[in-house]
Chemist: 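Before I ask anything, here is the structure I am working with.
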Amino acid sequence: MSLSRRSVLGVAAGAPLLTTSLSFRKARAQAQNTIRIGVLNDQSGVYRDLSGPGSTHCARYAVRESGITQAGVNVEVIEADHQNRPDVGSTVMRQWMDRDGVDVILDVPTSSVALAANTLVRERNKVFLCSGAATSDLTGPACSPNTIHWTYDTWMLANSTARAMVAAGGQTWFFVTADYAFGHALERDTTAFITAAGGRVLGSVRHPFPNTDFSSFLLQAQASRAQVIGLANAGADTTNAIKQAAEFGITRRGQRIAGLLVFITDVDALGIETAQGLVLSETFYWDLNDRTRAFTRNLGTMPGNIRPSMVQAGCYSAVLHYLKAVREMGVAAAKANGAEVVARMKAMPTDDQAFGQGSIRADGRKLHPAYLFQVKTPQESSGRWDYYRLLGETPADRAFRPMAEGGCALVRS
Amino acid sequence: MAGPVLEPGQAQEGKPGPFGFTRPQFALFSAMAAFFAAAPFLGLYEVFLAKILCFALFACAFNLLIGYVGLLSFGHAAYFGMGSYVAGHAAKVWGLPPELAILCGGLIGFALGLPFGWLAIRRSGIYFAMITLALAQMVFFFCLQARFTGGEDGIQAIPRGVLFGVVDLGPDRNVYFFVLAVFLAGFLLVHRIVHSPFGQVLKAIRENEPRATSLGYRTDDYKLMAFVLSATLSGIAGGTKAIVFGIATLTDVHWSMSGEVVLMTLLGGLGTVFGPVAGAAIIVTMQNYLAGFGAWVTIVQGAIFVVCVLAFRAGVIGEIGKALKLRL
Amino acid sequence: MDMIFGVPAPLLFGQLVLGLINGAFYAMLSLGLAVIFGLLNIINFTHGAQFMMGAFVAWMLLTYLGIGYWWALLIAPVVVGLSGIVIERLFISRLYKLDHLYGLLLTFGLGLIIEGTFRNLYGSSGLPYRIPPELTGAWDLGFMFLPVYRGWVVIVALLVCLATWLVIEKTPLGATLRAATENAALVQAFGINVPRLVTLTYGAGVGLAALAGVLAAPIYSVNPQMGANFIITVFAVVVIGGMGSILGSIVTGFVLGVVEGLTRVFYPELSSTVVFIIMAIVLLTRPAGLFGRA
């Protein structure tokens, strides 16, 4: 009997656990002089291409560029797949921080997992450098002294796209909105900016989420004769909508499509034929200037032979800046107090190849300019990854939500 | 179509022990309880163990339906996920202590299970599976849009709270032993139900429904009761998970969660006493250690389904039981 | 603008026509399920993955071999159908003597494997596939613009459904099939190779799913998850229509597409759940489905 018990519980579940827990202990012993960075993102689902192994690649590159290893500090970058599931992500993070001596959680696309990371990291006084998630709550109601929201957020996307579009002549808008909290918030924010900039919203239509057939919604948008059709949705919904908009020849008839949450990887997936004319905001484009081009060149071959997305570039930028603060404080102090590292990071100006010069605000918001791009036509493009034409720029001080409006408790006190 | 008959458990009965266990079963149960009680002191990680126990309870609840009534539900994520949402909401917004929050999770499982079960038991077999799947999909869409679930952000930072106003569940070890207690209670409850006269009627229905009807049993009532019990326990499992992890999200109501609990139970052994626990332990461990392998998790899960169905229908525990000629 | 029930007429007609198009996909997928269920008595959970494979094969033909849409319409269903035949021979055929639920579990597992494999190979952001030049543009119907491709989808779906129905109901082959459904042993006794008939039927049902996949490729995002979301709705359609009824699955598919379209006009919030609500009502009143026999 006891034999079968062991064969079931011991072999099936216990044994792999025991061995790994032993290796944890060994790891803990040698971890004293090692900074451990845990890249937690989507390695298998919809965000794989824009974060995934590319983010790890960029983080490792940042470690090399920082030259910190030569200064006698070991930095280890490990990665895991949260499968877009908060429970999986949460278990991984707890083990990382409680057992494996991980000091930094990096990237974390999918807002549900990012918000969970925000809480867990704060409880343990570690550091959370968020590049992949979009929710502005991270620097608003959920802001934390241990978190820096690096690359972008929904407020910035809505603001940049709306203001720059209105300035570029897109006066009237019609929204195609995903019918859940995220879509509603995006539409509401964007509407406020359009009105503030002197534009007008003619109407909106809500589609179920997820949805495959957008033809009817697009027909309504087309019938509104608005100059700009704003897509307040994300992921496969957005790509489906853009694909079907191309089918209806909406851009050919003079209306412009503005994607409120579109990444370069989406454009690549759609193909430039389909995506041409699409307008979108990002904070980084590999072919933006000499420094970004140098950055992309120095990265070497990315996994999957892609160009870095803004999320991946953000991972590089965040790690580089973090290691500067670690160098200043010393490894022991940095490992002991995550909030202190973040305070140091906020005190120093940032400078790197991908985002140029910038700074970090008291509420944990990293500041840098936002760019409005239009997808080139196939004739303009010289080949794969030559996708964007710059339409406008929002300077760093106006690109993100003013601190007073976010409702961050760190700032009020 | 006759009621679905999944391999009936062997008929051989040992001497009855406490809670209706046979003696070998009771020995195994004691060993399992001892293992889980000792596990944190062996260096195993508490939160991880707690996760295994939450899913083990979920799988036991599911097994009650498939293993003893022969009904395959493909929509149990609805009860598990709603249990998790409601418990999270109760603990965070209403400020209820964890024991009451989890009870709320069970209540919502009950409240959903009653109408859904009433609808679904009108059909059996494949139809039953598809109907439960479709109903669960409705719940998913509801959770996506309802305000209190927080959409795709989910409910975050749910406090673990203080149990009965005495025990602070904040430390991982405390919460783990609380979960262990919930799990053992649920496990014994399922076992007790199965071995009660009520459970005997369920088995009679599984073996031959027309015969049970002709003996004067209102089989639909029995099936519905089993369904509701299973849904309630699933809600409790979901609520417990929400308290342990401090989050409740769409993952728990998604149809892939329904698939996962089927997988756990199938792998461990449909209709076995300990199978669901073993299945949950294996699958959760696998998900954890395959976290670095991307889409391979899906492929491996699919492969386990295929292998189990083709070559291994009794599951891990079932096969061991066959080899030892015991009902485990 | 003309108003009907307080809704602008173009919007209403637009949604009606577009619902019909969605219905075309529902009909083709539920038809495949019904054909397979009729003879094999299993519910093919792999159907969504096979729909996705159809779209991917079309993409591969174009990308690797330069073979365009028109040939893909023919080749992709055959390729995916053949893969279905392999699956049936290797796996499903071993389960006929067991409870039908095992068939469901097996095909569910196979679906996961296929989806995971495609995700490993091609990522999940989706792949580009364009509408063939002959079918671009739109017709001005007066009350709305109908993209030519959508019209094409509806026509093809109707023709395919009609052809399948005719084959099963009006030809000697169909008669054999129906007889085998009723009593396989008897048909076998007449010297007909029933196992081969079963294999070919599964291949044909899968081929239908793949054909729907090719039709979907130019308008829907081609990604590994594309079938998974569709298939649950299609299951509800099958339950409503009554399983095993060929005509039932076709009619229900189209009708539910239209109902869904109308819901989008009058109460958009309900449009993703309306099919499931109808399913519940049908179960209450006619447990065997609208066209099913109890």
Side-chain angles (χ1 to χ4, degrees), chain B residues 1-7 66 70-72 74-75 115-116 118-131 133-142 144-145 255-256 258-260 262-263 266 270 293-311 313, chain C residues 37 41-43 45 49 90-92 94-95 98-121 123-124 224 228-229 231-240 242-243 269-277 279-281 283-284 287-289 292:
Chain B
M1 205 172 53
V5 181
L6 290 151
E7 329 243 305
I66 175 79
L71 291 173
L72 173 66
F74 232 93
F116 283 12
W118 184 66
L119 266 177
I121 57 163
R122 289 162 179 261
R123 306 301 307 269
S124 59
I126 293 169
Y127 290 93
F128 181 85
M130 287 166 55
I131 291 161
L133 174 61
L135 291 170
Q137 191 72 354
M138 250 168 84
V139 174
F140 175 79
F141 283 117
F142 166 77
L144 190 65
Q145 297 191 333
W255 60 265
S256 52
S258 301
E260 233 159 65
V262 180
L263 179 61
L266 179 69
L270 297 175
F293 295 94
W296 285 102
V297 179
T298 323
I299 298 178
V300 171
Q301 287 190 347
I304 294 178
F305 260 113
V306 172
V307 172
C308 280
V309 169
L310 289 178
R313 275 184 290 277
Chain C
F37 181 79
N41 256 320
I42 63 158
I43 184 82
F45 236 104
L90 281 181
F91 305 115
I92 302 175
R94 293 161 197 269
L95 299 178
L98 298 171
D99 192 281
H100 303 155
L101 289 176
Y102 284 117
L104 184 153
L105 295 174
L106 176 84
T107 49
F108 180 73
L110 289 171
L112 289 182
I113 295 178
I114 295 173
E115 206 187 300
T117 309
F118 274 85
R119 235 192 295 162
N120 258 357
L121 293 175
S124 37
N229 292 327
I231 203 67
I232 298 179
T233 316
V234 174
F235 280 160
V237 170
V238 172
V239 173
I240 295 169
M243 237 173 346
E269 286 76 14
L270 216 61
S271 64
S272 48
T273 39
V274 66
V275 174
F276 305 116
I277 294 171
M279 184 196 77
I281 297 169
L283 279 173
L284 284 176

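A, B, ... follow the sequence lines: proteins, then strands. Residue 1 opens every chain.
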Chemist: Taking side chain as everything from C-beta outward and backbone as N, CA, C, O, which of these in C:F108 sits under 4.5 Å from a heavy atom of chain B? Side chain, backbone, both or neither.
Modeler: side chain
Chemist: Considering only heavy atoms, which portion of C:L283 lies under 4.5 Å from any heavy atom of chain B: side chain, backbone, both, or neither?
Modeler: both
Chemist: For each of C:L95, C:V238, C:L284, tally heavy-atom pairs with chain B at distances under 4.5 Å, and name the one with the top tally.
Modeler: C:L284
Chemist: Supply the atom-to-atom distance C:F235 CZ to B:I126 CD1, rounded to the nearest 0.5 angstrom.
Modeler: 10.0 Å
Chemist: So, taking the atom named CG in B:L133 and the one named CD1 in C:I232, what distance separates them when rounded to the nearest 0.5 Å?
Modeler: 4.5 Å
Chemist: Name the member of B:A120, B:S256, B:C308, B:A134 that forms the most heavy-atom pairs with chain C at distances under 4.5 Å.
Modeler: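 Maximum pair count with chain C is reached by B:A134.
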Chemist: Does any heavy atom of chain C fall under 4.5 Å from the side chain of B:V262, the backbone, both, or neither of them?
Modeler: side chain
Chemist: Can you tell me how far CD of C:E115 sits from OG1 of B:T298, rounded to the nearest 0.5 angstrom?
Modeler: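 If we round to the nearest 0.5 Å, B:T298:OG1 and C:E115:CD are 7.0 Å apart.
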Chemist: Would you check, one step at a time, whether the test ring-ring contact (aromatic ring centres under 6.0 Å, His included) holds for B:F74 with C:F45?
Modeler: CA-CA 12 Å; B:F74 232 93; C:F45 236 104; 5.1 Å; yes
Chemist: Report yes if the side chains of B:R313 and C:L98 come closer than 4.5 Å at any heavy-atom pair, otherwise no.
Modeler: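 Yes. Closest side-chain heavy atoms under 4.5 Å.
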Chemist: Non-hydrogen atoms of chain B under 4.5 Å away: do they reach the side chain of C:I114, the backbone, both or neither?
Modeler: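 Neither; nothing under 4.5 Å.
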Chemist: Below 4.5 Å, heavy atoms only, C-beta onward: do B:L135 and C:M279 meet side chain to side chain?
Modeler: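 Yes; the side chains approach each other to less than 4.5 Å.
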Chemist: With rounding to the nearest 0.5 angstrom, report the CD to OG1 distance, B:Q137 to C:T233.
Modeler: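 Those atoms lie 6.5 Å apart.
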Chemist: Which bit of B:A129 comes within less than 4.5 Å of chain C, counting heavy atoms only: side chain, backbone, both or neither?
Modeler: side chain
Chemist: Show the nearest heavy-atom pair for residues B:F305 and C:L105, with the distance to one decimal.
Modeler: CD2-O, 3.7 Å
Chemist: CG/B:L310 to CG/C:L106 distance, rounded to the nearest 0.5 angstrom?
Modeler: 5.5 Å
Chemist: Distance from B:L72 atom CG to C:L104 atom CG, nearest 0.5 Å?
Modeler: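 It comes to 6.0 Å.
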Chemist: Take atom CZ of C:R94 as the centre, draw a 6.0 Å sphere, and report whether it contains more than 12 heavy atoms from other residues, nucleotides or ligands.
Modeler: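 Counting neighbours around CZ of C:R94, 12 or fewer heavy atoms of other residues, nucleotides or ligands fall under 6.0 Å, so no.
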Chemist: Give, as side chain, backbone, both or neither, the part of B:I131 having an atom under 4.5 angstrom from any heavy atom of chain C.
Modeler: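 Both backbone and side chain of B:I131 come within 4.5 Å of chain C.
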